[in-house]
Amino acid sequence: MTDKQDPITHAARLLREAAEELRQAHAYNNSEGWENETDAKAAYDEHLAAAQALEDWEAAVGAGGVSGPLMGIAAPPTAQAEGWTKLPWQLPEPGMPVLLDIGKKYPIRAMWAAKHTVQAADDDTDWGEYVEEDDMYYAPEGWYEWNQCEDNHWRVTETPRAWMPLPPTSAEGVEHG
C-alpha cells in the first residue's frame, strides 16, 4: 500500500514536507535561523508534532493498542493478506486450531475458547471454571496456543490481531512436489 492509499501515512508525509518548507524558507546560510522567527519555529514544531502523533496513532492501531471508535481502522499487514480474518469482529469455532497473528514475525497455532466450550482437565480446579450443571471444568474464555505434541495449551498473552484456518496438509489432498 502506498502512502496515497493510506490516508494517515499520506497526511503525516504532507505535514513533514510542509515543516521542511517552513525550515527552508526561514533558514539563513544553511543555519537554522530561528532566533528571530519564533512564530515560524512554532509552526514548524507543530507540523512535526502532528505528523509524529499521526504515525504513533497508526502504529498503535496496527499493534492493537488503541481502543474506542477508531480501533482497528488500520489492519495489520498479515490481516490484509488473503484468508485472514481481522479481530475482534469474527471468531473461529471454539476449540478449532487456527493460525493466529499476534504481531510477531510468524503467526502461532492457536484456538479460541468461548465461555464454557473447551473442557479443561478434571484436576484444573485452580485454573478452570467449574460449571455445576455439567460437573465439568472449562478453560476460561480466551485464546490458547494449540500445541500438537504437548498436553498444555498455554494462554496467549499478546493481543491477537487476526486469524485464519490452518492450511491443508498433503494428507488432505494437497500435493507437494
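Throughout, residue positions are numbered sequentially from 1 according to the sequence presented.
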request  = Apply side chain to side chain contact (heavy atoms under 4.5 Å, CB included) to L87 and L100, showing your working.
outcome  = CA-CA 10 Å; L87 290 169; L100 185 66; 4.0 Å; yes
key: Residue pair I102, I108: steps toward the side chain to side chain contact (heavy atoms under 4.5 Å, CB included) verdict   = CA-CA 8 Å; I102 57 172; I108 63 170; 4.1 Å; yes
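Defined by atom type and a distance below 3.5 Å, a donor-acceptor pair is present between the side-chain atoms of D134 and Y138.
With sequence neighbours left out, P97 forms a side-chain contact (heavy atoms from CB on, under 4.5 Å) with R109, W146, L166. With sequence neighbours left out, E17 forms a salt bridge (Lys or Arg N to Asp or Glu O under 4.0 Å) with R13. E21 pairs by the side-chain contact (heavy atoms from CB on, under 4.5 Å) definition with nothing, not counting sequence neighbours. In this structure, the salt bridge (Lys or Arg N to Asp or Glu O under 4.0 Å) partners of E158, at least two apart in sequence or on a different chain, are K104. Not counting sequence neighbours, the partners of P140 by the side-chain contact (heavy atoms from CB on, under 4.5 Å) test are W127, E129, Y144, R155. Under the side-chain contact (heavy atoms from CB on, under 4.5 Å) criterion, E20 pairs with R23, Q24, not counting sequence neighbours.
Within the model, atoms CG of L91 and CE of M111 stand 13.5 Å from one another, a figure rounded to the nearest 0.5 Å.
Of all non-hydrogen atoms in P160 and W143, the two that sit nearest each other are CG-CD1, 3.4 Å. Here the shortest heavy-atom pairing between W84 and P107 reads CH2-CB, 3.7 Å. For the residue pair T117 and P94, the shortest heavy atom distance occurs at OG1-CB, 3.3 Å. The shortest heavy-atom contact between V98 and P165 is CG1-CA, 4.4 Å.
Proximity of a side-chain donor or acceptor of W163 to a complementary backbone N or O of Q90 within less than 3.5 Å is detected.
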